[in-house]
*Asks:* 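Quick one: the structure is below, and I'll ask about it shortly.
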Amino acid sequence: MRTESEDRDVIVIGGGVVGCAIAHELASDHEVLILEKGQVASGATALAAGIIGLTNVYDDVPTLAGYVASFFEAFDGTGDFQYTKRARVGLVRPEDESRARREAKEKAEQGVKATYLNTPALREKYPRFDTSEIVGAVEYGARPGEGWLDPYTFAVTLKREAEAAGVEFRTGTVVTDIDVADGAVTGVKTESGTIRAPTVVVASGWRTPGLLSDLMTLPVRPYQTQCIVLKPERRLNGDVPMGWVSGEHIYFRPEANGHLLVGGWSFAIDDPVAASSDASEEFRQHVATVIPDVFDGMDRAKFVNGWAGVDAATPDQRPIVDASDEGPEGLIVATGFHGRGVMTSPAAARAVRSLLTDEDAPFSLEPFSLDRFDSRSPDFEFRSISDH
Ligand SMILES: Cc1cc2nc3c(=O)[nH]c(=O)nc-3n(C[C@H](O)[C@H](O)[C@H](O)COP(=O)(O)OP(=O)(O)OC[C@H]3O[C@@H](n4cnc5c(N)ncnc54)[C@H](O)[C@@H]3O)c2cc1C
């Protein structure tokens, strides 16, 4: 292992899905070193539900959504990685019906493949839903940007490809500081020495603001969110869509083995290090109440496992991927993925290329800019994304 006075083109701090995607993107024409304090994908990444649901998230930047969707389609079948396209439905309680019908109409008018399914239509198309407590659903039809993947397999496949193209992943290495001289980044300090590079990309998840605290302030705060896997009495088959239950802070997707993954229950937290990695009893109870109401045959579903993870939130639920003047030259920040880091990682990586090389990205970087926020305070009101 090299430790003293190494030189690289780019150092990436963090081997989550975002760091892996950046390494993959830059591998062909840069000498890249990834420094990861634990193992690759050992942070929020491996805990993610793997839902890719671009509708509602990047509708206002269709070129960005299109770029991501094409990336997943093209990457499908690389190594062990698979991307499964699937429709997504927002299940509607009676009190939400008129709002949901309006939403479907407005989306369809904007050219988004959205349909309101009334009770008979929902029952006919998706017979596994129990329609006694729901009146219909807004359906976002299967299209390239709607589907799921296994986040761990995705990250390690990106890593393998990046390694094959020359990127070094150094795990078990904590970056303790970023070196700056004359207003420009010169490298990083680790517990075992200094490594020099003119560009440092900080993709360290919720730990990013702490690592940068001497250099700049970011409107980013940690939050916790949870997942539970249920084994239904009758396995789910291929016609079950992904979706969410309006007003309940719950989303779901079928698993390849016929189980149901249910996620949600997101809250800002002050002490991420002390946060439990188990699904809470409250979330388990909530899932046990809501899911049998909306799915047939779930009354006696078995709890398979559950977990909680910490990710980084921003005020508008979109990440910061920027080389802002507020930081030293050569510093690129990629954080605040707010529950959507897996689905946003290809675009974040392409944005980093553009910031580094001045090559135009095929989409505007404006939605990722730090300047879009009026304040840098991390004390903003946290907004959950579990309801869509
Ligand atoms: C329960 C749950 C469900 C989710 N579901 C989805 C979903 O369905 N779809 C979706 O798109 N997103 C989902 N997400 C969000 C997604 O997981 C994150 O947005 C994404 O993983 C963020 O990736 P990252 O690389 O920024 O962070 P991380 O995966 O947290 O990686 C950051 C890495 O940086 C390393 N690091 C930190 N500090 C240092 C340091 N000083 N030196 C070296 N290394 C350091 C950490 O060890 C870590 O491995 C979910 C998240 C959770 C918790």
Side-chain angles (χ1 to χ4, degrees), residues 11-23 33-54 57-58 68 72 88 145 147-152 154-155 158-159 169-178 188-191 195 200-212 220 222-229 242 244 251-253 261-266 269 272-273 275 277-279 283 306-314 317-321 333-349 385-386:
I11 292 170
V12 180
I13 310 172
V17 69
V18 174
C20 290
I22 293 167
L33 170 65
I34 289 223
L35 299 172
E36 164 54 51
K37 70 193 264 297
Q39 295 299 314
V40 163
S42 58
T45 295
L47 303 171
I51 290 181
I52 309 302
L54 297 173
V57 179
Y58 293 117
V68 171
F72 286 127
R88 210 155 46 102
W148 79 76
L149 51 79
D150 177 64
Y152 180 77
F154 179 48
L158 289 167
K159 170 185 179 267
F169 284 74
R170 200 174 292 170
T171 54
T173 305
V174 180
V175 172
T176 52
D177 215 347
I178 295 166
V188 301
K189 280 193 186 60
T190 72
E191 286 162 336
I195 310 171
V200 173
V201 184
V202 189
S204 313
W206 62 265
R207 289 186 168 88
T208 301
L211 195 53
L212 292 175
V220 172
Y223 79 97
Q224 189 184 41
T225 183
Q226 312 196 19
C227 285
I228 279 175
V229 176
M242 310 183 292
W244 71 97
Y251 63 84
F252 55 81
R253 75 163 172 88
L261 189 159
V262 186
W265 214 245
S266 311
I269 51 171
V273 176
S277 55
D278 295 327
F283 183 51
W307 62 90
V310 179
D311 194 17
T314 62
Q317 308 171 313
R318 283 181 172 170
I320 297 165
V321 185
V333 172
T335 187
F337 285 86
H338 205 128
R340 290 169 177 149
V342 179
M343 67 180 92
T344 307
S345 58
I385 60 158
S386 309

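Computed from a predicted model, the values in this text were never measured in an experiment. We count ligands from 1, going down the list as the structure has it; atoms in each ligand are counted the same way.
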*Asks:* Under a 3.5 Å distance rule, please check whether T176 uses its side chain to pair with a backbone N or O of K189 as donor and acceptor.
*Replies:* yes
*Asks:* Nearest protein heavy-atom contact for atom 38 (N) of ligand 1: which residue, which atom, what distance?
*Replies:* R207 CD, 3.5 Å
*Asks:* Applying a 4.0 Å heavy-atom criterion (strictly less than), which segment of A308 is in contact with ligand 1: side chain, backbone, both, or neither?
*Replies:* neither
*Asks:* Got the closest protein heavy atom to atom 5 (N) of ligand 1, with its distance?
*Replies:* A49 N, 2.9 Å
*Asks:* Going by heavy-atom distance to atom 49 (O) of ligand 1, choose the closest among R253, E36, Q39.
*Replies:* E36
*Asks:* Below 3.5 Å, N or O to N or O, backbone or side chain included: is there any such pair between C227 and ligand 1?
*Replies:* no
*Asks:* Mark the output for Y251 as yes if a heavy-atom distance to ligand 1 is under 4.0 Å, and as no if none is.
*Replies:* yes
*Asks:* Could you go through C227 and W307, starting from their C-alpha distance and side-chain angles, then the distance that decides it, and tell me whether this counts as side chain to side chain contact (heavy atoms under 4.5 Å, CB included)?
*Replies:* CA-CA 5 Å; C227 285; W307 62 90; 3.4 Å; yes
*Asks:* Considering only heavy atoms, which of G205, S266, A48 lies nearest to atom 51 (C) of ligand 1?
*Replies:* A48
*Asks:* So if I count the atoms of ligand 1 from 1 in the order they appear, which ones are less than 4.0 Å from some heavy atom of G309?
*Replies:* 53 (C)
*Asks:* For atom 31 (O) of ligand 1, what's the nearest protein heavy atom and its distance?
*Replies:* G16 CA, 3.4 Å
*Asks:* Starting at CD1 of I269, measure out to CD of Q224 and round the result to the nearest 0.5 Å.
*Replies:* 5.0 Å
*Asks:* Which residue holds the protein heavy atom closest to atom 20 (C) of ligand 1, what is that atom called, and what is the gap in Å?
*Replies:* G341 CA, 3.8 Å
*Asks:* Can you check which of I385, L54, D311 brings a heavy atom nearest to atom 19 (O) of ligand 1?
*Replies:* D311
*Asks:* Does any N or O atom in G50 lie less than 3.5 angstrom from one in ligand 1, N or O only?
*Replies:* yes
*Asks:* To which protein heavy atom is atom 1 (C) of ligand 1 closest, and what is the distance rounded to 0.1 Å?
*Replies:* L47 O, 3.4 Å
*Asks:* Working to the nearest 0.5 angstrom, can you tell me the gap between D278 CG and F283 CZ?
*Replies:* 13.0 Å
*Asks:* Hey, what do you get for CD (E36) to OG (S204), rounding to the nearest 0.5 Å?
*Replies:* 8.5 Å
*Asks:* Treating Y223 as the side-chain partner and G339 as the backbone partner, does any N or O pair qualify as donor plus acceptor under 3.5 Å?
*Replies:* yes
*Asks:* So, regarding V174 and ligand 1 (criterion: nitrogen or oxygen to nitrogen or oxygen, under 3.5 Å), is there a contact or not?
*Replies:* no
*Asks:* Under 4.0 Å, heavy-atom basis, I'd like to know which part of L35 is in contact with ligand 1: side chain, backbone, both or neither.
*Replies:* backbone
*Asks:* Would you check whether V342 has a nitrogen or oxygen atom less than 3.5 angstrom from a nitrogen or oxygen atom of ligand 1?
*Replies:* yes
*Asks:* Answer with yes or no whether G339 contacts ligand 1, where contact means a heavy atom under 4.0 Å from a ligand atom.
*Replies:* yes
*Asks:* Of the options I195, T190, I11, I34, which is the one that meets R170 in a side chain to side chain contact (heavy atoms under 4.5 Å, CB included)?
*Replies:* I195
*Asks:* Return yes or no for this condition: an N or O of A334 is under 3.5 Å from an N or O of ligand 1.
*Replies:* no
*Asks:* Can you find a pair of side-chain heavy atoms, one from F154 and one from C20, that are under 4.5 Å apart?
*Replies:* no
*Asks:* Examine distances only and state if a side-chain atom of T344 and a backbone atom of G341 form a donor-acceptor pair shorter than 3.5 Å.
*Replies:* no
*Asks:* Atoms of ligand 1 less than 4.0 Å from F337 heavy atoms?
*Replies:* 19 (O), 26 (O)
*Asks:* Among all protein heavy atoms, pick the one closest to atom 42 (N) of ligand 1 and tell me residue, atom and distance.
*Replies:* V175 N, 3.0 Å
*Asks:* Out of all atoms in ligand 1, which are within 4.0 Å of some heavy atom of I13? Include the element for each.
*Replies:* 40 (C), 42 (N), 43 (C)
*Asks:* Would you mind writing out the side-chain donor-acceptor pairs for residues 39-54 within the sub-3.5 Å range, not counting sequence neighbours?
*Replies:*
residue, atom, partner, partner atom, Å
S42, OG, Q39, N, 3.2
S42, OG, Q39, O, 2.6
T45, OG1, V17, N, 2.9

*Asks:* Take L149 and F72, measure what side chain to side chain contact (heavy atoms under 4.5 Å, CB included) needs, and give me the verdict at the end.
*Replies:* CA-CA 9 Å; L149 51 79; F72 286 127; 3.5 Å; yes
*Asks:* Polar-atom distance check: W307 versus ligand 1, any N or O pair below 3.5 Å?
*Replies:* no
*Asks:* Would you mind listing which atoms of ligand 1 come within a distance below 4.0 Å of any non-hydrogen atom of A203?
*Replies:* 32 (C), 34 (O)
*Asks:* Which heavy-atom pair separates T171 from G38 by the least distance, and what is that distance?
*Replies:* CB-O, 3.2 Å
*Asks:* Looking at W244 and F252, what are the two nearest heavy atoms and their distance?
*Replies:* N-CE2, 3.6 Å
*Asks:* I need the minimum non-hydrogen distance between A279 and I228, along with the two atoms involved.
*Replies:* CB-CG1, 4.0 Å
*Asks:* Atom 43 (C) of ligand 1: which protein heavy atom is closest, and how many Å away?
*Replies:* K37 N, 3.2 Å
*Asks:* Hey, which atoms in ligand 1 end up nearer than 4.0 Å to a heavy atom of G43?
*Replies:* 29 (O), 30 (O), 49 (O)
*Asks:* Near G14, which atoms of ligand 1 are under 4.0 Å from a heavy atom of that residue?
*Replies:* 33 (C), 34 (O), 35 (C)
*Asks:* Is the side chain of T335 donor-acceptor paired with the backbone N or O of G205 at a distance under 3.5 Å, no angle test?
*Replies:* yes
*Asks:* Looking only at distance, does V310 have an N or O less than 3.5 Å from an N or O of ligand 1?
*Replies:* no
*Asks:* With nothing but distance in play, are any N or O atoms of A41 less than 3.5 Å from an N or O of ligand 1?
*Replies:* no
*Asks:* Could you check which of I34, I22, T225 puts a non-hydrogen atom nearest to atom 52 (C) of ligand 1?
*Replies:* T225
*Asks:* Indicate yes or no: at least one non-hydrogen side-chain atom of M343 is less than 4.5 angstrom from one of F337.
*Replies:* no
*Asks:* Which residue owns the protein heavy atom closest to atom 11 (O) of ligand 1, what's the atom, and how far is it?
*Replies:* M343 N, 2.9 Å
*Asks:* Would you mind listing which atoms of ligand 1 come within a distance below 4.0 Å of any non-hydrogen atom of T173?
*Replies:* 42 (N), 43 (C)
*Asks:* Between R253 and G147, is there a donor-acceptor pair closer than 3.5 Å when you use the side chain of the first and the backbone of the second?
*Replies:* no
*Asks:* Given the rule in the side chain to side chain contact (heavy atoms under 4.5 Å, CB included) test, do I13 and I178 qualify, once you have shown the distances and angles that lead to the verdict?
*Replies:* CA-CA 10 Å; I13 310 172; I178 295 166; 4.2 Å; yes
